[in-house]
Amino acid sequence: MHGALVKKFGRRVLCYQRSTQTQARPWDVFINHRGIDTKRSVAGLLYDHLTLLKLHPFMDNKNMNPGDKLFETIDSAIRNCKVGIAIFSPHYCESYFCLRELTTLMESEKTVIPIFVDIKPSELRVMDNGSYGVIGVQELQRFRWALGKAKYTVGLTFDSYNGDTLGMIQWNNNQL
């Protein structure tokens, strides 16, 4: 177990060295998602499938390296992407980071394709209970604006208990 962890860390350091030595090209797709809900399912499969199609997707755990500045790296990826995919899920709105990324996508006037996984658009709400830490009223309003805009954008609805993940991903790729 320990040896595998060391190998993984070594690969990440080598990837980090390579990524700092080459200039990054623009991202084709920015994948905005809640990791605990979709990283190992819809978001991960979508990332892998887009990569197989020779597209250049950005997903935090796949493209960030130790030492990267979190907001700086993500904001740059959003600014330089062609399209965003927002994967909404039951725990999405609990995450400050998800809402911040969505707001940045919307304020950048990027085309955003929503995917609603195990949640209806009408169930998505920005929480006003302090769960995002200490943020101002203005930022909460920005989050509500971005979420409202995304909820009323035509997208995909997917029920992971009854659905076909691969079929949904292939349909989504045809739309890109």
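Since this is a predicted model, take the numbers as computed values, not measurements.
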State, with a plain yes or no, whether a side-chain heavy atom of [X] is found less than 4.5 Å away from one of [Y].
| X | Y | value |
| --- | --- | --- |
| I31 | L50 | yes |
| F88 | L102 | yes |
| M64 | F58 | yes |
| S89 | I36 | no |

Please confirm whether the backbone N or O of [Y] pairs with a side-chain atom of [X], one donor and one acceptor, at under 3.5 Å?
| X | Y | value |
| --- | --- | --- |
| H33 | K39 | no |
| S108 | K110 | no |
| N80 | P26 | no |
| R40 | D37 | no |

Heavy atoms only: give me the nearest [X]-[Y] pair and the separation to one decimal.
| X | Y | answer |
| --- | --- | --- |
| T111 | V83 | O-CG2, 3.2 Å |
| T73 | K69 | OG1-O, 2.7 Å |
| V117 | P90 | O-CD, 3.5 Å |
| R100 | D75 | NH1-OD1, 2.8 Å |
| H91 | R34 | O-NE, 3.0 Å |
| A150 | P114 | O-CG, 3.7 Å |

**OP:** Please answer: with hydrophobic residues joined when any side-chain heavy atoms are less than 4.5 Å apart, are L70 and W27 in the same cluster?
**Re:** yes
Once rounded to the nearest 0.5 Å, what's the spacing between atom [atom1] of [X] and atom [atom2] of [Y]?
| X | Y | atom1 | atom2 | answer |
| --- | --- | --- | --- | --- |
| M59 | T38 | CE | OG1 | 7.5 Å |
| I119 | C93 | CD1 | SG | 6.5 Å |
| R79 | E107 | CZ | CD | 12.5 Å |
| H56 | D28 | NE2 | CG | 7.5 Å |
| M106 | T104 | CE | OG1 | 11.0 Å |
| N32 | E101 | CG | CD | 5.0 Å |

**OP:** Begin from the C-alpha positions of I85 and V112 and carry the test side-chain contact (heavy atoms from CB on, under 4.5 Å) through to its verdict.
**Re:** CA-CA 5 Å; I85 296 178; V112 176; over 6 Å; no
**OP:** Tell me, with the steps shown, if L99 and E139 meet side-chain contact (heavy atoms from CB on, under 4.5 Å).
**Re:** CA-CA 10 Å; L99 292 169; E139 192 160 23; over 6 Å; no
**OP:** Applying side chain to side chain contact (heavy atoms under 4.5 Å, CB included) between F116 and each of D159, L156, L124, report the one that passes.
**Re:** L124
Subject >> Sole residue of Y92, Y96, F97 in ring-ring contact (aromatic ring centres under 6.0 Å, His included) with F143 >> reply: Y96
**OP:** With side-chain contact (heavy atoms from CB on, under 4.5 Å) as the test, would you mind laying out the steps for I87 and F158 before giving the verdict?
**Re:** CA-CA 10 Å; I87 303 173; F158 179 73; over 6 Å; no
Subject >> Derivation of the side-chain contact (heavy atoms from CB on, under 4.5 Å) call for L46 and V29 >> reply: CA-CA 10 Å; L46 180 61; V29 181; 5.8 Å; no
